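Notes follow the structure.
The structure presented is a predicted model; accordingly, all values stated were derived computationally and were not measured. Note on naming: letters A, B, ... go to the chains in the order of the sequence lines (proteins, then strands), and numbering restarts at 1 for each one.
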There are 2 protein chains.
Amino acid sequence: MQTVIPIANANANAAAAKSAKVNCTLCSFNRFCLPQGLADSDVARLDQIIARRRRLARDEQLFSMGASFGSLYAVRLGHFKTAQVNIHGEQQVTGFHMAGDLLGMDAIGSGLHNCSATALEDSEVCEIPFNRLQELAMQTPALMQQFHRVLGREIQREQAIMLFRGSMRADQRMALFLLNLGARYSARGYSAASYQLRMSREDIGGYLGLTIESVSRLLARFRKQGWIKLDNRDIRINDRDSLEALSTGREPGLDSATSAEACAA
Amino acid sequence: MQTVIPIANANANAAAAKSAKVNCTLCSFNRFCLPQGLADSDVARLDQIIARRRRLARDEQLFSMGASFGSLYAVRLGHFKTAQVNIHGEQQVTGFHMAGDLLGMDAIGSGLHNCSATALEDSEVCEIPFNRLQELAMQTPALMQQFHRVLGREIQREQAIMLFRGSMRADQRMALFLLNLGARYSARGYSAASYQLRMSREDIGGYLGLTIESVSRLLARFRKQGWIKLDNRDIRINDRDSLEALSTGREPGLDSATSAEACAA
DNA sequence: CGAGATCTTGATTTCAGTCAAAGCTGGTGG
DNA sequence: CCACCAGCTTTGACTGAAATCAAGATCTCG
């Protein structure tokens, strides 16, 4: 009764990737990645500068906070978290990243990584040497524009995190988080309603600005209200509307078979 | 008894700027801005594409959230805030910007401004058409690298905001805010200890993730403890060490003539 | 000068954190 | 195969930091 979609089943897919020619042209995630919108000839040139693939086991770091910067990394397979260590020594998670996402942009400003990137499961990245990317961008207007778009989207992504962390209640943040994860899977062709949480409760807390206990309580509440089905890290969203209503500030669940009774259950 | 340094006295400086030739080469803030580190010949080329100066009166918007994007803007004179409107309709301030800072980078990703920029006093910006900047960057490696550094620093700046908003207490955030503002003035040749808050208490709250009442109380507390002298929006930092100790988590003020007695005062 | 905006201060409430304990789960070795 | 253990997760009781509510005070500028 495994309802979860098999995105990035590390063992199976890693084996497949091994034999396949590794380049952007053939990569099924290229439209979420740097090659998005580029002509085939430009993608072929981008292929030339991809240094190598790199595999990481679960919990292995791709780069650490303070490490010197040389390359960007595109997630090819698996999931990563990026995190900063705060003044209490806790991990403040700045993002969860899946196939097609670009990692390392935080280091372009200073040449030093501002956060660490850790594999949440066995994963694989493409390494893009930053100098060579800049050189290629000089000769490839479309690539330069796309690279700027990607950098710009990173800025927007972080602004969005600031906004929701700063102005939403804990339950709203959690609801939005679950919906957003679903939306990202959906964009990649997977189910928006049924997926596996690749990260621990602690990581979710670190991302949402909550303690692990609050995360647990909120998920339990959503489950009791019938909005989600939760089995360890497998999640199924049963009442998207209520979650959305909650996250946008309207009081949720008045039209759906939930609220009072379900609450008492 | 005005101890505050006269940075960007709008009337006087605006008049001066009017007669001066407006370009990066002669701009006294160029080393904080896009021309940083560029050869004179490259700066001259950058000068060519600066579309125009634009003046804004206090409270006037340079761009609004959702507006379509065409140009970046370098602050030449005065101060700006950038802000997003959150789900409660309140302003969530994403930054305060002074001479040399670049505005509008949040829009590169989508072509739409993700936040609004509002002048905090009579101010002046240089408009840099983004298309022309990209064209020029294609021909000027140093400019491209510098532009990428600036984008990268914006990413880091936002990560830093996330980190401190997410993991510091209200008083620590306030202390850090005051010190950071001072540091930025210091870098520009002004006093780090004595300056004018260009923004309202509400804006400070919007930036730090606090209510206006909390801002007021914290400033009152710092004043009572003798760490700052506060006269409306004029501020003088009297005990940098205690503020720094507070913001870094050590208990402050044990070595300075403050704490208990001052607290009771 | 006066009215509206901005800022301060006090009393009370509340949301999420902290502390504490118990239940799961999955991996390891006997 | 099962017992055990460490780490992860859940749940409950209590606490505390900052928000909210409510007056006032002060400033700004027309």
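The salt bridge (charged side-chain N to carboxylate O under 4.0 Å, His left out) test with A/Arg55 singles out one residue from A/Glu121, A/Glu60, A/Glu124, and that residue is A/Glu124.
If one axis is set at each end of the helix from C/dC1-D/dG30 to C/dG30-D/dC1 from five pairs, those axes are 40° apart, to 10°.
Nearest-nucleotide positions on DNA chain D place A/Ser200 closer to the 5' end than the other of B/Ser214 and A/Ser200. Map A/Leu210 and B/Leu230 each onto its nearest nucleotide of DNA chain C; the residue landing nearer the 5' end is B/Leu230.
Remark: side-chain polar atoms of A/Ser186 are not paired, donor with acceptor, to backbone N or O of A/Arg184 under 3.5 angstrom. Judged by distance alone, with hydrogens and angles left aside, the side-chain atoms of B/Glu244 form no donor-acceptor pair with the main-chain N or O of B/Asp241 at under 3.5 Å.
In this structure, A/Asp59 atom CG and C/dG27 atom C1' are separated by 15 Å, rounded to whole Å. Between A/Leu208 atom CG and C/dG17 atom C1' the separation is 15 Å, expressed in whole Å. Counting to the nearest Å, the C1' atom of C/dT9 and the CZ atom of B/Phe222 are 17 Å from each other. Rounded to whole angstrom, the span from the CG atom of B/Leu218 across to the P atom of C/dG10 amounts to 14 Å. The CZ-P distance, from A/Arg233 to C/dC24, rounds to 18 Å in whole Å. When rounded to the nearest whole Å, the span between CG of A/Asp171 and P of C/dC15 equals 9 Å. With rounding to whole Å, A/Met168 atom CE is found 21 Å from C/dT14 atom P. When rounded to the nearest whole Å, the span between CD1 of B/Ile212 and P of D/dA19 equals 12 Å.
As judged by a 4.0 angstrom heavy-atom cut-off over every strand, B/Gly205 is placed among residues making no nucleic acid contact.
In this structure, CD1 in A/Ile155 is found 11.5 Å from CD in B/Gln156, a value given to the nearest 0.5 Å.
The number of heavy atoms from other shown groups lying within 6.0 Å of CD (A/Glu90) is above 12.
Aromatic pair A/Tyr207/A/Phe96: ring centres closer than 6.0 Å. The aromatic ring centres of A/His79 and A/Tyr195 sit 6.0 Å or more apart.
Within the 4.5 Å cutoff, the side chain of A/Val85 has no heavy atoms near those of the A/Gln92 side chain.
Nearest nucleotide to the side chain of A/Arg223, out of D/dT9, D/dT11, C/dT6: D/dT11. Nearest nucleotide to the B/Ser216 side chain, out of C/dA16, C/dT9, C/dG17: C/dT9.
Cation-pi contact between B/Arg188 and B/Phe32: present, with separation from the ring centre below 6.0 Å and deviation from the ring axis of at most 45°.
For D/dG16, neither phosphate oxygen OP1 nor OP2 lies less than 4.0 angstrom from any side-chain nitrogen or oxygen of B/Arg169.
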Nucleotide-resolved protein contact map, nucleotides 21-30 of chain D, B/S/- at heavy-atom distance under 4.0 Å: BB----S-S-

